[in-house]
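One structure is given below, encoded as structure tokens.
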Number of protein chains: 2
Amino acid sequence: MAGIEGDDSATTSGSTLGYALLSLLTRGPATGYQLTQQVKAPLGHFWTARHSQIYPELARLSAAGWVDSVEQAGPGPRAKKTYAVTAAGLTALRAWLVIPPTAQPRSEITLKAYAATSADPVAMAALYTDLAERSTRLLAEYEQDASRMRAAGQDDPGNPRFGNYAVLMMGVESQRVVHRWALWLASCLRTGRPVPYGEPPG
Amino acid sequence: MAGIEGDDSATTSGSTLGYALLSLLTRGPATGYQLTQQVKAPLGHFWTARHSQIYPELARLSAAGWVDSVEQAGPGPRAKKTYAVTAAGLTALRAWLVIPPTAQPRSEITLKAYAATSADPVAMAALYTDLAERSTRLLAEYEQDASRMRAAGQDDPGNPRFGNYAVLMMGVESQRVVHRWALWLASCLRTGRPVPYGEPPG
DNA sequence: CACAACATGTAATAGGTTACATGATTTC
DNA sequence: GAAATCATGTAACCTATTACATGTTGTG
């Protein structure tokens, strides 16, 4: 700051949310509202954001020169703004992508399993049986999405939407794991005795 | 508040961190420092907390009557406090455990995969090859921990430390998934052509 | 004697959720 | 005409990270 002009250099190091929005915008220009929808799936299986977080972040990205926007009037009291990544934004995204990620995942279902023996075994087994059922439903959904994507050629790394497919593959694998693990855990809690992991359920 | 006494009813609904600490304390009394160490593994594979978050939370749990503490003098300028779960704390924990969890997992490695095609394919493939290597190391560690635990009878749901084993099993499965997925992704990016998921690596 | 480990706290900041606020257009 | 969808923002609150602050005990 302090009187020095021309400080619009690439020193701005954005937030993870900012990079997530840039990633979405590489699929094409979008409004804040559309980004709020698009973040739901498949990205939303591993990363979520609400509109109240997205709108202020778009303003910050715009101030940093990483996106620009055109206004289109209505509907509602305010102008509709369509955002697009700038060359500077794409450069920043590319630089961020190749930094090895460090953040640990956070899983509430696993945290509850850590204290599983403190609760009623029957209730706790039911919890994990329900979880296994939910993962079955999700898995079916994801597999359908995956075959639709393959039919559209999105499993090709040359396709700009290949990332959607990569994220979905992780979703499929994760739900398979949740399914197996939840059934194993439920089986342990129901029988009250050690169950070897990976055995077919009884 | 407001003049009404006897408001120490079970209306206090704690934070997730609070329940995580209660879960740790079901293994036995501990100081804030010890909890900071114990949260690292295996719980830390899916849930983390720093001491700066733990100390204030212990104060809140204490105020709610969910834990109590004894002071032991030193070392350092302040007294050392050893915390233990109270009956009320255990009741609260049990009630929380059977609530179906809703929180979505958050994974930075998957987020980066979403934008994989925006970066240099060689650099990006290297990132995921490194990730696969790291998961191999972690998997070996976890498997060792698992056989130690089995030898100690912690794979028995009757054992109060069974939760440690359940969390570790999720860790093992998760690292296996990360390994397969990262190698698949690296293979896609290196060859630039669609690679069927689950094929042995070339 | 330096350095790691033990031990407990607070302050400032960043990240994220819930709730508040407004209003047009489209569909049943 | 009611309800869903489109569309954008702010405020209050909760959660989590980084940095600041202090001081002892044990090990090489």
Side-chain angles (χ1 to χ4, degrees), chain A residues 12-21 24 29-40 43-44 46-64 67 69-83 96 101-108 111, chain B residues 12-21 24 29-40 43-44 46-64 67 69-83 96 101-108 111:
Chain A
T12 326
S13 72
S15 65
T16 308
L17 173 63
Y19 294 113
L21 295 181
L24 284 161
T31 66
Y33 185 85
Q34 289 174 320
L35 291 171
T36 306
Q37 310 303 310
Q38 287 166 20
V39 87
K40 284 178 187 164
L43 232 202
F46 298 100
W47 198 272
T48 54
R50 308 296 176 90
H51 79 275
S52 59
Q53 211 187 346
I54 289 173
Y55 286 114
E57 184 63 32
L58 283 171
R60 278 189 287 271
L61 291 173
S62 191
V67 300
S69 60
V70 286
E71 304 202 359
Q72 280 142 1
R78 291 181 206 82
K80 176 171 120 173
K81 288 169 211 161
T82 301
Y83 292 87
W96 173 77
T102 51
Q104 290 288 108
R106 198 163 273 260
S107 160
E108 207 181 327
L111 173 57
Chain B
T12 326
S13 73
S15 65
T16 307
L17 173 64
Y19 294 113
L21 295 180
L24 284 160
T31 66
Y33 185 86
Q34 289 174 320
L35 291 171
T36 306
Q37 310 302 311
Q38 286 165 21
V39 86
K40 285 177 187 166
L43 231 202
F46 297 101
W47 197 272
T48 54
R50 310 296 176 92
H51 80 274
S52 59
Q53 211 185 346
I54 290 172
Y55 287 114
E57 185 63 32
L58 283 171
R60 279 190 287 272
L61 290 173
S62 191
V67 299
S69 59
V70 285
E71 305 201 358
Q72 280 142 0
R78 293 181 206 82
K80 175 171 121 173
K81 288 169 212 161
T82 301
Y83 292 87
W96 173 77
T102 52
Q104 291 287 107
R106 197 163 274 260
S107 160
E108 205 181 330
L111 172 58

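Computation of the quantities below employed the complete heavy-atom set of this structure, encompassing side-chain atoms and omitting hydrogens, waters and symmetry-equivalent molecules. Each chain gets a letter, A, B and so on, in the order the sequences are listed, and its residues count up from 1. None of the values given here were measured: they were computed from a predicted structure.
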Take atom [atom1] of [X] and atom [atom2] of [N], then tell me their distance rounded to the nearest Å.
X	N	atom1	atom2	value
Arg60(A)	dT13(C)	CZ	P	15 Å
Gln104(A)	dT17(D)	CD	C1'	14 Å
Gln72(B)	dA7(C)	CD	C1'	12 Å
Glu108(B)	dG16(C)	CD	P	10 Å
Leu17(A)	dA16(D)	CG	C1'	16 Å
Ile54(A)	dG9(D)	CD1	C1'	13 Å
Lys40(A)	dC6(D)	NZ	C1'	12 Å
Trp47(B)	dT17(D)	CH2	C1'	15 Å

Below 4.0 angstrom from OP1 or OP2 of [N], is there any side-chain N or O of [X]?
X	N	result
Thr31(A)	dT8(D)	yes
Arg50(B)	dA16(D)	no
Gln53(A)	dT17(C)	yes
Tyr55(A)	dG9(D)	no
Arg106(B)	dG16(C)	yes
Lys81(A)	dG9(D)	yes
Tyr33(A)	dC6(D)	yes

Least distance between heavy atoms, Gly44(A) atom then Gln104(B) atom = O-NE2, 3.3 Å
remark   = Between Gly18(B) and Leu61(B) the two heavy atoms that sit nearest each other are O-CD1, 3.9 Å
message = If you go through the side-chain atoms of Ser52(B), does one of them form a donor-acceptor pair with the base of dT18(D) closer than 3.5 Å?
response =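 A donor-acceptor contact between them is present.
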ask   = Closest nucleotide of DNA chain C for Gly14(A) versus for Gln37(B): which of these residues is on the 5' side?
value =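 Its nearest nucleotide being more 5', the pick is Gln37(B).
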Any donor and acceptor pair, going by atom type alone, linking the side chain of [X] with main-chain N or O of [Y] inside 3.5 Å?
X	Y	value
Tyr55(A)	Tyr33(A)	yes
Gln34(A)	Thr31(A)	yes
Gln72(A)	Thr82(A)	no
Thr36(A)	Gly32(A)	yes

request  = Determine, step by step, whether Arg106(B) and Arg106(A) satisfy the side-chain contact (heavy atoms from CB on, under 4.5 Å) criterion, reporting the C-alpha distance in whole Å, the side-chain angles of both residues, the deciding distance to 0.1 Å, and the verdict.
outcome  = CA-CA 6 Å; Arg106(B) 197 163 274 260; Arg106(A) 198 163 273 260; 5.7 Å; no
task = Begin from the C-alpha positions of Trp47(B) and Thr16(B) and carry the test side-chain contact (heavy atoms from CB on, under 4.5 Å) through to its verdict.
result = CA-CA 10 Å; Trp47(B) 197 272; Thr16(B) 307; 3.2 Å; yes
query = Heavy-atom distance under 4.5 Å between the side chains of Val39(B) and Thr48(B), does that happen here?
reply =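 A side-chain contact under 4.5 Å is absent here.
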ask   = Between Val67(B) and Leu21(B), is any pair of side-chain heavy atoms under 4.5 Å apart?
value =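 Side-chain contact under 4.5 Å: no.
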Sub-3.5 Å pairs of nitrogen or oxygen atoms, protein against nucleotides 20-26 of chain C:
{"residue": "dA24(C)", "atom": "O4'", "partner": "Gly76(A)", "partner atom": "N", "Å": "3.1"}

query = Quick one: bend of the helix from dC1(C)-dG28(D) to dC28(C)-dG1(D) from 5 pairs per end, to 10°?
reply =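 About 30° separates the two local helix axes.
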